[in-house]
Q: 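So that we are looking at the same thing, I have put the structure below in structure tokens.
Note that this is a predicted model, so its numbers are computed, not measured.
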Amino acid sequence: MNAELIKSQFPILNQKINGHPLVYLDSAASSQKPKQVLEAVQAYYEHDNANVHRGVHTLGSRATDAYEGARERVARFIGAAKTEEIVFMRGTTTALNLVASSYGPSVLEAGDEIVITPMEHHSNLIPWQQLAKRTGAVLKYIPLQPDGHVELEDVEKTVTSKTKIVSMAYVSNVLGVVNPVKEIAAIVHRHGGVMVVDGAQSTPHMKVDVQDLECDFYAFSGHKMCAPTGIGVLYGKKHLLESMEPIEFGGEMIDDVGLYDSTWKELPWKFEGGTPIIAGAVGLAAAIDFLEEIGLDEIHRHETKLAAYAIGRLSEIDGLTLYGPREREVGLLTFNLLDVHPHDVATVLDTMGIAIRAGHHCCQPLMRWLQASSTARASLYMYNTEKDIDRLAEALIQAKEYFA
């Protein structure tokens, strides 16, 4: 895989920041967009822009075909059994909230259990907190090992016959841990529960097959995988989605409306009230085409190799603490420089044209587990190279010397 050639297809990366060539190391927050995606969205607005499922005119038909074609493209991409199992949402956060707000109350009673981990993004933690408060359910946590990974033995000890929902990130956005969600799903199903997977950090970087994972729900965002912002997906097994009530009401999602009662459309449209994110869906389909043209396995291999190189380079820096396992399958590195606040590190790096993330990464419970108020994070993607890692390491050494 030629990362330099791939990088040339991302117009935004061909610029200077503060007089230095841009090194973008914040793809876990939001990836950049290749020209193929930008062109697809522009072409939609220039030639096909209209509302979907409504007009019988040519533009409306084209828009509807593009929107529903994107749904079919997503279903094939993640291995869904049926197209109607794909619900377009605003992003991972909205998708997880839909499961917690619609499915959760229908199965939970006081004393039932919801199981998550301390590594979860707030989007996969707060909805379950709120659900537990509303229903009287018990929120339980699978403990983490010292390097942050989850042991199946601990899952077996935590999940019980009272466990109705287990929700977990496939890949941690801080530790770079890849959780064994397939094996965990088997444990959950043996106890009669359902498995919810936060796929925000996995879907852009590795091949995903929801049927092979045997998860019941799977959520991800387009903006982390080269698609526009504002588009995401909830996959759910058909029988589970059919059992759920919508939580947003209005146009598009109705079948019949009376003065005192209404009925809903069939799947997946009953969950897509209002004008949907049409251009975002078009862009997501184009992003999937782009990713599959390169190959998810190739992207995964490239990032694994790059992560190993980065861990080696950063480990050479005295006073740098690297969090998470030494070996990892994704290009995500979270660290701190001794006695230097992560925001100061990120600010100094920005003066050198290097973009990283600093803060708690929407994982405050995990920060407390790490005994850190915040951390710095460099996240890699297909367009990053070893030269980018070298510039990061050199800049960190300069930052350390500056603050010393």
Side-chain angles (χ1 to χ4, degrees), residues 9-15 27 29-78 80 82-95 97-98 200 203-204 219-235 241 246-257 262 264-294:
Q9 299 178 65
F10 290 78
I12 196 172
L13 298 178
N14 184 30
Q15 65 173 297
S27 293
S30 194
S31 71
Q32 297 303 342
K33 323 304 175 194
K35 59 185 179 181
Q36 292 91 327
V37 171
L38 301 175
E39 290 169 355
V41 173
Q42 183 175 354
Y44 164 76
Y45 278 125
E46 289 183 347
H47 302 287
D48 302 327
N49 182 44
N51 219 319
V52 297
H53 306 141
R54 300 181 186 183
V56 295
H57 53 73
T58 299
L59 293 186
S61 297
R62 284 184 194 165
T64 299
D65 289 346
Y67 182 69
E68 293 302 333
R71 195 190 309 276
E72 294 172 2
R73 191 70 185 88
V74 171
R76 294 196 303 273
F77 179 62
I78 64 170
K82 301 174 178 66
T83 304
E84 56 263 41
E85 294 178 325
I86 303 299
V87 182
F88 283 130
M89 310 239 70
R90 188 165 55 84
T92 308
T93 299
T94 311
N97 273 273
L98 173 60
T203 317
F220 64 96
S221 298
H223 73 97
K224 297 180 189 293
M225 50 181 286
C226 301
T229 56
I231 184 71
V233 171
L234 173 66
Y235 157 82
L241 291 175
I247 60 173
E248 286 189 332
F249 306 94
E252 284 296 300
M253 51 77 64
I254 54 91
D255 178 36
D256 183 74
V257 176
S262 302
W264 322 132
K265 280 185 179 176
E266 65 273 20
L267 290 177
W269 302 292
K270 73 175 182 177
F271 296 114
E272 295 178 3
T275 297
I277 313 150
I278 308 166
V282 170
L284 178 56
I288 290 172
D289 288 342
F290 179 79
L291 292 175
E292 291 198 331
E293 183 178 348
I294 297 169

Q: Quick check against the 3.5 Å criterion: does Arg71 have a side-chain atom that pairs as donor or acceptor with the backbone of Thr83?
A: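 Pair absent, no side-chain N/O of Arg71 close to backbone of Thr83.
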Q: Atom CD1 of Ile277 and atom OH of Tyr67: how far apart are they, to the nearest 0.5 Å?
A: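 Answer rounded to 0.5 Å: 7.0 Å.
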Q: Is the side chain of Arg62 donor-acceptor paired with the backbone N or O of His47 at a distance under 3.5 Å, no angle test?
A: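 Yes, the answer is positive, given that a donor and an acceptor are paired below the 3.5 Å cut-off.
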Q: Would you say CD of Glu68 has more than 12 non-hydrogen atoms from neighbouring residues, nucleotides or ligands within 6.0 angstrom?
A: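 More than 12 heavy atoms, drawn from other residues, nucleotides or ligands, come within 6.0 Å of this atom.
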Q: Give the intermediate values and the outcome of side-chain contact (heavy atoms from CB on, under 4.5 Å) for residues Tyr44 and Ile278.
A: CA-CA 9 Å; Tyr44 164 76; Ile278 308 166; 3.3 Å; yes
Q: Would you call the rings of Phe249 and Trp264 parallel, tilted or perpendicular, where under 30° means parallel and over 60° means perpendicular?
A: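 Correct class here is tilted.
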Q: For the CG atom on Asp65, are there more than 12 heavy atoms of other groups (residues, nucleotides or ligands in this structure) within a distance under 6.0 Å?
A: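 Enclosed.
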Q: I'd like to check Leu234 versus Phe88 (side-chain heavy atoms, cut-off strictly below 4.5 Å). Are they in contact?
A: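 Sidechains of Phe88 and Leu234: no contact.
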Q: Between the side chains of Lys265 and Glu272, is the shortest nitrogen-to-carboxylate-oxygen separation below 4.0 Å, so that they form an ion pair?
A: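 No salt bridge links Glu272 with Lys265.
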Q: Please examine the side chains of Pro228 and Val41, heavy atoms only from C-beta on, and report whether any two atoms are closer than 4.5 Å.
A: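 A side-chain contact under 4.5 Å exists here.
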Q: Is there a side-chain contact between Asn14 and Gln9, using heavy atoms and a 4.5 Å cut-off?
A: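 Of all side-chain heavy-atom pairs linking Gln9 with Asn14, none is under 4.5 Å.
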Q: Check whether any side-chain heavy atom of Val233 sits under 4.5 Å from a side-chain heavy atom of Phe77, and report yes or no.
A: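 Contact flag for Val233/Phe77 side chains = no.
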Q: Would you say the side chain of Met225 lies within less than 4.5 Å of the side chain of Leu291, judging by non-hydrogen atoms?
A: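 Yes, at least one pair of side-chain atoms sits under 4.5 Å.
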Q: Please name the pair of heavy atoms, one in Ala95 and one in Ala219, separated by the smallest distance, quoted to 0.1 Å.
A: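 Minimum heavy-atom contact is CB-CB, 3.6 Å.
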Q: Within a strict 4.5 Å, meaning less than it, do heavy atoms of the Asn97 and Ile247 side chains meet?
A: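 SC-SC contact between Asn97 and Ile247 ruled out.
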Q: Contact between Lys33 and Ser31 at the side-chain level, heavy atoms closer than 4.5 Å - yes or no?
A: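 Touching, per the 4.5 Å side-chain cut-off.
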Q: Are any of the side-chain heavy atoms of Thr229 and Ser221 separated by less than 4.5 Å?
A: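 A side-chain contact is absent here, since even the closest heavy-atom pair is not under 4.5 Å.
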Q: Is the count of non-hydrogen atoms from other residues, nucleotides or ligands lying under 6.0 Å from Glu293 atom CD greater than 12?
A: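 No, the 6.0 Å shell around CD holds no more than 12 heavy atoms from other groups.
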Q: Of all heavy-atom pairs between Val37 and Ala286, which one has the smallest distance, and what is that distance?
A: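 It is CG2-C, 4.0 Å.
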Q: CZ of Phe271 to OG1 of Thr94: how many Å apart, nearest 0.5 Å?
A: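 The distance works out to 14.0 Å.
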Q: Between the side chains of Glu292 and Arg73, is the shortest nitrogen-to-carboxylate-oxygen separation below 4.0 Å, so that they form an ion pair?
A: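 Judged by the 4.0 Å cut-off on N to carboxylate O distance, Arg73 and Glu292 do form a salt bridge.
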Q: Let me confirm one number: the CH2-CD distance from Trp269 to Glu252, rounded to the nearest 0.5 Å.
A: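 Answer for the CH2-CD pair, Trp269 versus Glu252, is 10.5 Å.
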Q: Output the distance between atom CG (Asp289) and atom CG (Leu284), rounded to the nearest 0.5 Å.
A: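 Rounded to the nearest 0.5 Å, the CG-CG separation comes out at 10.0 Å.
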Q: CG of Leu38 to CD1 of Ile12: how many Å apart, nearest 0.5 Å?
A: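 Answer for the CG-CD1 pair, Leu38 versus Ile12, is 9.0 Å.
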Q: For Ala50 versus Ala63, what's the shortest heavy-atom pair and its separation?
A: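 The answer is O-CB, 3.5 Å.
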Q: Minimum heavy-atom separation for Pro268 and Val87, please, with both atom names.
A: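 Closest approach of Pro268 to Val87, heavy atoms only: CB-CG2, 3.9 Å.
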Q: What I want to find out is whether Glu84 reaches Lys270 closely enough, with some N-O distance under 4.0 Å, to be called a salt bridge.
A: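 Salt bridge: no.
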Q: Let me confirm one number: the CG-OG1 distance from Leu59 to Thr64, rounded to the nearest 0.5 Å.
A: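 Between atom CG of Leu59 and atom OG1 of Thr64 there are 10.5 Å.
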